[in-house]
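Everything below concerns the one structure shown next.
Computation of the quantities below employed the complete heavy-atom set of this structure, encompassing side-chain atoms and omitting hydrogens, waters and symmetry-equivalent molecules. Residue numbers start from 1 in every chain, and the chains themselves are labelled A, B, ... in the order their sequence lines are given, proteins ahead of strands.
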Protein chains: 2
Amino acid sequence: MQKEHILSKNQKIIFDLIDKFGGPMKAYSILFNVQKKGIKAPLQVYRALDKLVEIGKIHKIESRNAFIACQNSSCQVSKATAFSICESCENVSEISNSKLSKYLSNFSDNSGMKYSKYNLEFFGLCKKCKSK
Amino acid sequence: MQKEHILSKNQKIIFDLIDKFGGPMKAYSILFNVQKKGIKAPLQVYRALDKLVEIGKIHKIESRNAFIACQNSSCQVSKATAFSICESCENVSEISNSKLSKYLSNFSDNSGMKYSKYNLEFFGLCKKCKSK
DNA sequence: CTTATAAATGTTATATTATTACATACTGTT
DNA sequence: AACAGTATGTAATAATATAACATTTATAAG
């Protein structure tokens, strides 16, 4: 059972754009694309992005400074994320692998750290780029 | 057996600083700290950082835009990295766990991607911050 | 319904992080 | 000595992100 977050005006505009685009988008590219909808300033974009990340509707691809819509409908909070990134075509997709997420969510070591969140990025070549 | 990389002048100045500091350092903080040694421009810092990352002497903490000296002497290339990050005190340390690294290095799924590299960041509270 | 509070918005300016472009110098071969 | 590869120096600028402040809208409590 997942809590429905009602998005505000700006949040909805920005989420819809990212979701429709389907891949990772950069903040200023988002800004450019929503200027016709009245969102004029970077901060308006970043505020919406922050909120959308917080509620798990999008994720930040840290190594690319880009944002992608969550591809995993059950993911209400961004506390366990894994992505595969093609270093040739920059295609990104979210990995939904229950064994992997279980393994990482349960990971602990003798450092005394209490882990509550992780983000994993795999890099390589996608199917298409491999065969070129 | 690990290949010895002979560092150039700027690379050595910057590596020594990061290594001595012991924690993650940001590029412009590095710049500030090496200006007395004659390194005046951001690009000089970024070039050295790029090279040091490439040869595995330092790693980039993507979620923090910061650089930390490799704490794992056997790590000549940054192709399999894992870090624990305290969200309260921002302490970062490199995780050296052979089961974890084996698990992730061997990870594959049915996406057709050939993975050659990964970076994992765990977030939570360190021992000290937990008990506050 | 009205008061209080939290969340979201709008706007300007600015801080922080990173790269482009071009010229020069050093290092190790053949 | 000539060449190739790597590193350096310098100036300008691009790209990413936040601070500060004023205002408005939504939500909940009395």
Side-chain angles (χ1 to χ4, degrees), chain A residues 3-18 21 23-68 77-78 87 90 92 119 121, chain B residues 3-18 21 23-68 77-78 87 90 92 119 121:
Chain A
K3 191 180 167 200
E4 256 322 309
H5 281 276
I6 293 156
L7 302 182
S8 73
K9 179 173 134 278
N10 289 357
Q11 288 159 16
K12 182 161 173 21
I13 290 169
I14 287 172
F15 174 72
D16 286 348
L17 173 69
I18 300 173
F21 182 72
M25 291 192 81
K26 305 202 138 218
Y28 277 73
S29 150
I30 293 168
L31 175 59
F32 178 80
N33 278 279
V34 296
Q35 275 174 334
K36 49 183 172 283
K37 303 238 178 190
I39 296 176
K40 296 179 202 148
L43 189 49
Q44 294 176 290
V45 172
Y46 280 106
R47 282 197 286 223
L49 290 174
D50 284 351
K51 188 67 185 185
L52 291 167
V53 166
E54 187 191 320
I55 65 179
K57 299 282 288 181
I58 64 173
H59 304 299
K60 183 171 189 183
I61 309 300
E62 292 287 357
S63 66
R64 298 299 185 261
N65 296 320
F67 300 84
I68 193 169
V77 194
S78 299
E87 290 185 298
E90 292 294 326
V92 172
N119 179 54
E121 297 181 3
Chain B
K3 190 179 170 201
E4 255 323 310
H5 281 276
I6 293 158
L7 301 182
S8 73
K9 178 173 135 278
N10 289 359
Q11 288 159 16
K12 183 162 172 22
I13 290 170
I14 287 171
F15 174 72
D16 286 349
L17 174 69
I18 299 173
F21 182 72
M25 290 191 83
K26 306 200 137 218
Y28 277 72
S29 150
I30 293 169
L31 175 58
F32 178 80
N33 278 277
V34 296
Q35 275 174 333
K36 48 183 175 281
K37 304 237 179 190
I39 296 176
K40 294 178 206 152
L43 187 51
Q44 295 176 291
V45 172
Y46 281 104
R47 282 198 286 224
L49 290 173
D50 283 351
K51 189 67 185 183
L52 291 168
V53 166
E54 186 191 323
I55 65 180
K57 299 282 287 182
I58 64 173
H59 304 300
K60 183 169 189 183
I61 309 301
E62 293 288 357
S63 66
R64 297 301 186 261
N65 297 319
F67 300 85
I68 193 168
V77 193
S78 299
E87 290 185 296
E90 292 294 325
V92 173
N119 180 54
E121 297 181 3

Let me confirm one number: the [atom1]-[atom2] distance from [X] to [Y], rounded to the nearest 0.5 Å.
X	Y	atom1	atom2	answer
L31(B)	L43(B)	CG	CG	11.0 Å
K57(B)	Q11(B)	NZ	CD	10.5 Å
I58(B)	F67(B)	CD1	CZ	6.0 Å

Starting at atom [atom1] of [X], determine the distance to atom [atom2] of [N], rounded to an integer number of angstrom.
X	N	atom1	atom2	answer
K12(B)	dT6(D)	NZ	P	22 Å
N10(A)	dA26(D)	CG	C1'	14 Å
L52(A)	dA7(C)	CG	P	16 Å
Q44(A)	dA19(D)	CD	P	17 Å
M25(B)	dT17(C)	CE	C1'	15 Å
D50(A)	dA8(C)	CG	P	11 Å
K9(A)	dA8(C)	NZ	P	13 Å
Y46(A)	dT16(D)	OH	P	7 Å

Are any non-hydrogen side-chain atoms of [X] and [Y] less than 4.5 angstrom apart?
X	Y	result
R64(B)	P24(B)	no
I39(A)	I30(A)	no
M25(B)	N33(B)	yes
L49(A)	I18(A)	yes

Any S8(A) side-chain N or O less than 4.0 Å from OP1/OP2 of dT9(C):
yes
Counting just side-chain N and O atoms, does K26(B) come under 4.0 Å of either OP1 or OP2 of dA15(C)?
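Checking dA15(C) against K26(B), no side-chain N or O comes under 4.0 Å of OP1 or OP2.
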Walk me through it: do L7(B) and I55(B) pass the test side-chain contact (heavy atoms from CB on, under 4.5 Å)?
CA-CA 10 Å; L7(B) 301 182; I55(B) 65 180; 3.7 Å; yes
So, under a plain 3.5 Å distance rule, would you say the side chain of Y28(A) forms a donor-acceptor pair with the base of dA14(D)?
no
Positions of residues 30-42 of chain B (non-hydrogen atom under 4.0 Å from DNA chain C), listed by number:
none
Residues in salt bridge (Lys or Arg N to Asp or Glu O under 4.0 Å) with R47(A), at least two apart?
none
Where the side chain of N65(B) is defined as all heavy atoms beyond and including C-beta, which of dT17(C), dG10(C), dA8(C) is the nearest nucleotide?
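Nearest nucleotide to the side chain: dT17(C).
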5' to 3', nucleotides 21-30 of chain C under a 4.0 Å protein heavy-atom cut-off (B base, S sugar-phosphate only, - none) gives B---------
